[in-house]
Peer 1: 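Structure below; questions to follow.
Note that ligands are numbered from 1 as they come in the structure, with each ligand's atoms numbered from 1 the same way. Heavy atoms only: backbone and side chains are in, while hydrogens, waters and symmetry mates are out.
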Amino acid sequence: MLLETQDLAYTYPAGKQEILHEINIRFRPGEIAAITGDNGCGKTTLTKLLVGILRPGTGRICLGGNDIAAMSLAEIGRQIAYVFQNPAQQIFCTSVEQEIGYGLKNLGLGRNEIEQRISHYLDYFELSEYRQTFPLSLSQGEKQRLMLAAVLAMHPRYVILDEPTTGLDIYRRKLLGDYLLRIKKDGYGVIFVSHQVKFIKAYADRVIRIEDGRLSDGRGDCG
Ligand SMILES: Nc1ncnc2c1ncn2[C@@H]1O[C@H](COP(=O)(O)OP(=O)(O)OP(=O)(O)O)[C@@H](O)[C@H]1O
Ligand SMILES: [Mg+2]
């Protein structure tokens, strides 16, 4: 299911200047795309548009050919998951298990299905021993894995991560990268924002560079 932007442009309500101009990008399932560019070039803005937290001024964002403008935040979130730069901002339950189960309950899944998915994703992200742990007491890398577990358990099509290597040492960066490869192999589309050239080179299938609010190669479809 293709995720694409068509002539996307954005100006913050309080801002005078257009931040993003004529952005045309196609994202695909089973692919890792990196979004890069200088500080303030509009990377986070672009990812917030992709998940509907911000709504485009001009242009469209389509998922499987359908304009997401017609979808609620919750409907988009079911298909396009977002992991914040600081995952602690997304955590609000009192145990790791509840954090993963929360979204699943909202999906209206039955108890057995919820329990199965919690166990599966705890295992997938090597968090089983923390099942009853208070999420905010986890390390940065573990909190990030918990958020990945919580969003993937809902079986979205895409996962977007904003600057996921922030606060991770080299070992944990590699751990994260290897998880991203695994998620991609399982058929999800992965989109991450990063400045880290090495990390991008090691894990991204393609790189989307934003310069002055435009795609530096003029198009975001190189594959
Ligand atoms: N709520 C807001 N209102 C007005 N302008 C904003 C708002 N949020 C961000 N901006 C501006 O939009 C531009 C793009 O910001 P954005 O956060 O998308 O950049 P970024 O590429 O993610 O930067 P960084 O690398 O520092 O994370 C910046 O000039 C920023 O000051
Ligand atoms: Mg940013």
Peer 1: Take atom CG of Asp178 as the centre, draw a 6.0 Å sphere, and report whether it contains more than 12 heavy atoms from other residues, nucleotides or ligands.
Peer 2: yes
Peer 1: Mark yes or no: Arg182 above the aromatic ring of Tyr124, with NZ or CZ under 6.0 Å from the six-membered ring centre and no more than 45 degrees from the axis.
Peer 2: yes
Peer 1: On the 0 to 90° scale, with breaks at 30° and 60°, tag the Tyr82-Phe84 ring pair as parallel, tilted or perpendicular.
Peer 2: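 Perpendicular, since the angle between the ring planes exceeds 60°.
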Peer 1: Counting heavy atoms not belonging to Lys184, are there more than 12 under 6.0 Å from its NZ?
Peer 2: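 Result for NZ/Lys184: enclosed.
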Peer 1: Any side-chain to backbone donor/acceptor pair from Tyr158 onto Phe27? Under 3.5 Å, distance only.
Peer 2: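 Pair found, side chain donor or acceptor close to backbone of Phe27.
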Peer 1: The Mg ion (ligand 2): which protein N, O or S atoms are under 2.8 Å away?
Peer 2: Thr44 OG1
Peer 1: For the hydrophobic clusters of this structure (ILVMFWY residues joined by side-chain heavy atoms under 4.5 Å, transitively), does one cluster hold both Ile208 and Val197?
Peer 2: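 Different clusters: Ile208 never reaches Val197 through Ile, Leu, Val, Met, Phe, Trp or Tyr contacts under 4.5 Å.
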Peer 1: Do Phe192 and Tyr203 have ring centres separated by under 6.0 Å?
Peer 2: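 That pair fails the under 6.0 Å test.
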Peer 1: Should Arg131 and Glu115 count as an ion pair when the cut-off is N to O under 4.0 Å?
Peer 2: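 Salt bridge between Arg131 and Glu115, a charged N being under 4.0 Å from a carboxylate O: yes.
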Peer 1: At their closest point, which heavy atom of Gly30 faces which heavy atom of Asp205, and how far apart are they?
Peer 2: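 Scanning both residues, the minimum pair turns out to be O-OD2, 4.5 Å.
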Peer 1: Which protein residues have a heavy atom closer than 4.0 Å to any atom of ligand 1, listed by chain and number?
Peer 2: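 Its neighbours under 4.0 Å (heavy atoms only) are Tyr12, Ile19, Asp38, Asn39, Gly40, Cys41, Gly42, Lys43, Thr44, Thr45, Glu163, His195, given by chain and number.
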